Q: 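First the structure, which I've put down as structure tokens, then a few questions once you've had a look.
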Amino acid sequence: MTRTLEPHLVERFRDVVGGDNVLLEPDAMASYAIDWTGRFKGEPLAVVRPADSAQVSAVVAQCKDSGIAIVPQGGNTGLVGGGVALSGEVVVSLRRLSWIVDVDPKGGQLTVGAGTSIADVRAAASLAGWDYGVDLGSRDSATMGGTIATNAGGLQVLRHGPTRAQLLGVEAVLGTGSTVAHLGGLLKDNTGYDLGGLLCGSEGTLGVVTAARVRLVPPAPERVVALLAFSTAGAAVDAALLLRRGLPDVQALEFFLEAGLALVCEVTGMRPPFAEFHPAYLLVEVAAQHDPMVATSEVLESIDSVSDVAVAVDAQRRAQLWRYREGHTEAINTLGAPHKLDVTLPLPVLADFIDEIPRVVSGADERARTWLFGHAADGNVHVNITGVGSDDMTVDDRVLVFAAGLGGSISAEHGIGVAKRPWLHLNRSVTEIATFRALKKALDPAGILNPHVLLPPL
Ligand code: FAD
Ligand code: MLT
Ligand code: ZN
């Protein structure tokens with residue numbers, strides 16, 4: 001039976017956020033109810049859209065008093081089912097908190113509302129003569145709050161680190177309804193616990209992030225992008241190491257395989273990059289203050305294992321090469337909602353994992369098709385599996401156990417969400433999980449913040 005929000009709570013939420021910002025009808029809530037892949041579909045009790053942190057605080061306090069669970073939601077581009085109301089929670093959408101203030105061009109910092117898209121943060125940074133260190137394919141929709149909640153990685157981790165490395169402080173509403181804020185932006189500030197660092201990666205389970213102070217990085221406007229083809233994944237992984245070591249200005253080192261490239265070309269209508277397909281590809285971006293072409297060419301020429309190469313300098317051609325890599329997520333989704341298993345491996349076993357994992361998957365389910373791509377320098381493989389039922393977790397189990405057995409992590413950058421919480425124990429000890437629960441109890445004593453995410457049920 002579908003639950004409905006009690007009338008006095010509807011009125012209370014309307015008083016706080018305004019009538020237009022309390023959504024109750026299924027049609028109005030539809031885009032908030034289903035995740036980007038289409039795999040996770042919830043039935044929210046309501047969608048509430050506060051406009052500032054005071055409104056977030058009032059909404060959270062009311063939910064705590066009424067014992068109503070909340071799912072915080074940003075751009076709804078998350079890939080582990082953590083941002084949709086799978087158990088009839090209230091979705092608190094942060095998208096209206098979209099603003100950027102206190103841009104400090106001298107210090108290279110800015111303060112940003114949780115609902116601001118990463119594309120807008122990057123544009124504001126650029127206007128101030130800087131850049132923002134995180135970039136990802138979902139940049140137009142993914143929000144600052146969502147990327148903090150998931151500690152998003154993306155395409156430049158190699159150079160600038162993940163979202164956590166950009167944070168100078170956050171403002172967040174805890175499960176009690178009270179607000180913690182530390183947005184001064186001091187570069188050195190050893191005055192106690194790093195609450196921003198704790199909230200980063202907490203997937204909406206400890207607090208609702210409302211704003212952040214982030215560091216900016218120097219711009220690197222001169223760019224070269226090269227697409228390299230190899231006869232084996234191992235050769236691509238080895239080349240990534242040489243490129244990383246030989247080019248201090250390397251910004252991205254991304255890999256994909258023959259089948260994924262063929263699918264991207266089929267779905268998008270793009271022409272393949274080379275006359276022939278090759279088993280493995282590496283996309284390299286070098287970004288510097290001064291033209292990096294000479295240095296890049298020298299290192300590329302020293303790598304004997306390259307079977308084919310395309311180099312792009314002008315913006316249009318660079319974007320074209322990037323589309324072969326960034327097009328994977330959408331192209332795979334056209335085959336039906338995939339199981340998305342985002343793992344990291346120690347670099348010495350990365351190539352073995354890439355070679356072995358399709359057999360591990362087909363051994364678990366012969367209908368399954370495996371697609372592999374990811375962030376080579378980070379050891380981060382996106383194992384996407386199509387052709388198996390949404391609720392059949394056999395392949396998930398095999399992949400995650402295999403990755404953890406090789407010393408890897410079951411979540412490189414997307415988080416645990418609901419999709420992977422049964423496997424958290426593969427990476428976290430009993431004591432660590434108990435400590436996580438104690439932290440949750442302290443920050444969210446009523447257990448209303450994303451209660452079905454990250455931590456396994458007791
Ligand atoms: P949502 O999807 O809305 O939420 C994600 C999680 O954060 C949920 O658990 C939610 O409850 C919580 N949350 C959201 N906002 C808040 C808040 N203000 N306070 C507290 N909790 C909150 N991810 C990467 O790491 N690297 C990539 O390269 C990458 N590329 C992508 C490419 C595509 C095409 C797509 C569709 C996704 C990609 N992602 C990537 C995944 C996704 O974009 C990230 O996980 C992103 O950080 C989610 O941001 P969001 O605003 O959409 O959050
Ligand atoms: C990527 O690197 O493209 C993203 O993390 C999205 C995905 O895994 O599909
Ligand atoms: Zn990724």
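None of the values given here were measured: they were computed from a predicted structure. FYI, side chains are in, hydrogens and waters are out, and symmetry mates aren't considered; it's all heavy atoms of this structure. Index from 1, following the sequence. Note that ligands are numbered from 1 as they come in the structure, with each ligand's atoms numbered from 1 the same way.
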Q: Among protein heavy atoms, which sits nearest to atom 8 (O) of ligand 2, and what does the distance come to when rounded to 0.1 Å?
A: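 It is His414 CE1, 3.1 Å.
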
Q: So for ligand 2, is Thr329 a polar contact partner (N or O within less than 3.5 Å, distance only)?
A: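 Yes; the residue has a nitrogen or oxygen that sits under 3.5 Å from a nitrogen or oxygen of the ligand.
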
Q: Strictly under 2.8 Å, is any N, O or S atom of His414 next to the Zn ion (ligand 3)?
A: no

Q: Looking at ligand 2, is there an atom of it that comes within less than 4.0 Å of some heavy atom belonging to Arg325?
A: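 Distance cut 4.0 Å: Arg325 passes for ligand 2.
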
Q: Can you list the atoms of ligand 1 that are under 4.0 Å from a heavy atom of Gly78?
A: 2 (O), 52 (O)

Q: Just verifying a value: how many Å separate Arg39 CZ and Leu79 CG, rounded to the nearest 0.5 Å?
A: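 Arg39 CZ to Leu79 CG: 11.0 Å, rounded to 0.5 Å.
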
Q: Roughly how far apart are Asn76 CG and Ser138 OG, rounded to 0.5 Å?
A: 11.0 Å

Q: Can you report which non-hydrogen protein atom sits closest to atom 35 (C) of ligand 1, along with the distance?
A: Ser138 CB, 3.6 Å

Q: Give me the residue, atom name and distance of the protein heavy atom closest to atom 5 (C) of ligand 1.
A: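 Closest protein heavy atom to atom 5 (C) of ligand 1: Thr150 CG2, 3.8 Å.
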
Q: Could you check whether any heavy atom of His375 sits closer than 4.0 Å to an atom of ligand 2, since that is the contact criterion I want to use?
A: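 A heavy atom of His375 does come that close to ligand 2.
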
Q: Measuring from the heavy atoms of Glu413, does anything fall under 4.0 Å of ligand 2?
A: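 Yes, that is the case, since the closest heavy atom of the residue is under 4.0 Å from the ligand.
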
Q: Side chain or backbone of Asn450 under 4.0 Å from ligand 1, or both, or neither, by non-hydrogen atoms?
A: side chain

Q: To check your reading of the model: name the closest protein heavy atom to atom 28 (O) of ligand 1, its residue, and the distance in Å.
A: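 The closest one turns out to be Gly154 CA, 3.3 Å.
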
Q: Does the side chain of Gln320 pick up a donor-acceptor pair with the side chain of Arg317 at under 3.5 Å?
A: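 Distance-only check passes for Gln320 and Arg317.
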
Q: Please find the N/O/S atom of His375 nearest to the Zn ion (ligand 3) and write down its name.
A: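 Within His375, restricted to N, O or S, the Zn ion (ligand 3) is closest to atom NE2.
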
Q: Please compare Gly204, Pro72, Ser93 and report which has the shortest non-hydrogen distance to atom 10 (C) of ligand 1.
A: Pro72

